[in-house]
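Each remark here refers to the structure printed beneath this line.
Predicted model only: the values in this text are computed from it and were never measured.
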Amino acid sequence: MPMTSGCPIRELADAIADRLAHPDAVPGHLVRRPWWRQSLAHGAPGVALLHIERAAAGLGSWQRAHDWLSYATHAPLTTGADSHLFYGAPAVAHALNCAAEQRPGTYQEALDRLDNVINADARARVDAAHARIDAGRLPTLAEFDVIRGLTGIGSYLLRRDQCGKPLRAILEYLVRLTEPISVDDETLPGWWTDTGPDGRLDARFRDGHANSGLAHGIGGPLALLSLAAQHGDIVDGQQDAMGRICAWLDRWRVTAPTGPVWPYWVNRPQLCAGHRAVSGSQRPGWCYGTAGLARAQQLAALMTGDDDRRTMAEQAMLQTLANSVQHPEHRDPSLCHGHVGILHIAARVAADAAPDCAPRFHAQLPDLLHSTCAALTSGEEAELEPALLEGAAGIALVLSNPATIPRTTWDTCLLIA
């Protein structure tokens, strides 16, 4: 897409990339944080993705990408229970793999070592999850979600080890996760947790909750099960599991003036009442909102042949695009829950949309691109931290080639592709 009049999109992305050209240019207060070097969400691996994508697209040098990858790997990485797709060995491995796919033969020794660790960790975590289910206990969000859990690990394995035993074990676990669980003689969805959305005990969630989000809830497993089926990774009960998740999302979908809306979560009183009021003004982004769940359901519909769900999901995304332009007060530009994330998800949805729907996406995307860029050209980007999910790296990643499918697989960590 060409630059919009009065909005130098490429120059903005170039300026951010130049500001993040080398790890030495990052403010000292960031690099001194112990998590910075191996955080995909907030640190060096996320910045590496920016330079990998730009190099693959001919917009930057591979040396910049290599400098960031070298920095991320120059010391031991966190493994085991404290690691996940967005931190530690899997986070750095995701960035390395994105580069290696573009430059065959590079980083293979490091990736092989990391894969051995990640596979072993995945098997241990799956075993622990099955033991938890056998004992009749509820899961934690960190057991299964995209950010910290097995769904995120599965996303990495889908690119590195299709049809491998660790990936199949994760898919089999996710099938089981969707089966109902009985707690105190009450039947709950299998992903019901006994904490609040932040993973901690919370008086507002005294009896726990069921989380809907793509990043933190059951939307992530739906996306992974769908994408795995697309790649030919199918286990017993996979389609039934997808159906159970979709039925839950259908049950709690609310038609607001802004279009279909899904609650971020459902707590026990709402479950007992059978309904929950949802504000049409809630953020529609990747992590929790309509954009992420629309993409997850489109993926599921494509794999199951559910034309009605596909139409609903694509219409929901179109309405999200229109609402994002019409409500500029929602100024968050970020990838996680802002306009850049919506813009990128919409490009993915458009690429898979029904032929009669795709042109409507291409007609609406420039307006959101313009409003996003206009907000940032006021100098706001200079105040953002160099983060993937909530900062400048993610914004520059999308705006380097806006409203297009990436050259690399960087966005597979979002479970939208």
Side-chain angles (χ1 to χ4, degrees), residues 1-3 9-10 12-14 16-17 20 40-41 45-62 64-66 68-69 85-86 91-104 106-107 146 152 155-156 158-160 214-215 223-224 227 230-231 285-287 291-292 294-296 298-299 317 321 333-336 338-353 358 361-362 365-366 368-369 372-373 386-389 391-417:
M1 176 180 294
M3 289 183 288
I9 298 164
R10 183 64 59 74
L12 175 60
D14 291 347
I16 294 174
L20 303 177
L40 182 64
V47 181
L49 290 185
L50 166 63
H51 293 296
I52 293 166
E53 175 66 23
R54 287 175 62 83
L59 302 175
S61 72
W62 280 106
R64 286 186 176 183
H66 180 73
W68 278 98
L69 291 171
L85 179 60
F86 283 83
V92 175
H94 173 67
L96 287 170
N97 187 53
C98 287
E101 288 176 337
Q102 297 294 314
R103 309 190 82 191
T106 61
Y107 307 112
V146 171
S155 171
Y156 173 75
L158 186 60
R159 263 64 199 179
R160 289 291 297 169
L214 179 58
L224 179 61
L227 288 164
Q230 184 182 92
H231 287 273
W286 167 71
C287 56
R295 176 56 171 168
Q298 184 198 37
L299 290 169
M317 191 68 237
L321 272 176
S334 73
L335 182 62
C336 185
H339 282 191
V340 160
I342 294 169
L343 182 72
H344 188 64
I345 294 169
R348 281 290 187 184
V349 173
D352 292 326
F361 279 100
H362 297 303
L365 284 168
L368 181 58
L369 178 58
T372 302
C373 185
L388 175 68
L389 289 187
I395 290 168
L397 242 176
V398 173
L399 295 185
S400 290
N401 277 303
T404 62
I405 301 304
R407 300 294 182 91
T408 70
T409 57
W410 75 262
D411 61 348
T412 58
C413 67
L414 305 178
L415 261 292
I416 60 172

pair [X]-[Y]: side-chain heavy atoms closer than 4.5 Å:
X: R159; Y: H231; answer: yes
X: L369; Y: H339; answer: no
X: L59; Y: N401; answer: yes
X: L50; Y: W68; answer: no
X: L414; Y: L335; answer: yes
X: N97; Y: T408; answer: no
X: V340; Y: H344; answer: no
X: L224; Y: V146; answer: no

For [X] and [Y], indicate whether the former's side chain and the latter's backbone hold a donor-acceptor pair under 3.5 Å.
X: W62; Y: A99; result: no
X: H51; Y: L20; result: yes
X: Q298; Y: V349; result: yes

Ignoring hydrogens, what is the shortest heavy-atom contact between [X] and [Y]? Give both atom names and the distance.
X: R407; Y: A56; value: NH1-O, 3.7 Å
X: A350; Y: H362; value: CB-CE1, 4.4 Å
X: L214; Y: A296; value: CD1-CB, 4.3 Å
X: G46; Y: L388; value: CA-CB, 3.9 Å
X: A93; Y: Y156; value: CB-OH, 3.5 Å
X: P45; Y: A95; value: O-CB, 4.0 Å

Rounded to the nearest 0.5 Å, what's the gap from [atom1] on [X] to [atom2] on [Y]? Could you check?
X: R103; Y: I52; atom1: CZ; atom2: CD1; value: 10.5 Å
X: I416; Y: R348; atom1: CD1; atom2: CZ; value: 6.0 Å
X: F86; Y: L389; atom1: CZ; atom2: CG; value: 5.0 Å
X: S155; Y: L85; atom1: OG; atom2: CG; value: 5.5 Å
X: L399; Y: R10; atom1: CG; atom2: CZ; value: 10.0 Å
X: I9; Y: S400; atom1: CD1; atom2: OG; value: 11.0 Å

Exercise for review: Just do the side-chain contact (heavy atoms from CB on, under 4.5 Å) check on L397 and D411 with the steps written out, would you?
Suggested key: CA-CA 10 Å; L397 242 176; D411 61 348; over 6 Å; no
Practice item. Output, in order, the C-alpha distance, side-chain angles, deciding distance and verdict of side-chain contact (heavy atoms from CB on, under 4.5 Å) for L343 and V398. Key: CA-CA 8 Å; L343 182 72; V398 173; 4.0 Å; yes
Check your understanding: Will you find, in the side chains of T409 and E101, an N or O donor that is under 3.5 Å from an N or O acceptor?
Key ->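 The criterion, which ignores hydrogens and geometry beyond distance, is satisfied for E101 and T409.
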Exercise for review: Taking atom CZ of R64 as the centre, report whether more than 12 heavy atoms of other residues, nucleotides or ligands fall under 6.0 Å from it.
Suggested key: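 Enclosed: over 12 neighbouring heavy atoms sit under 6.0 Å from CZ of R64.
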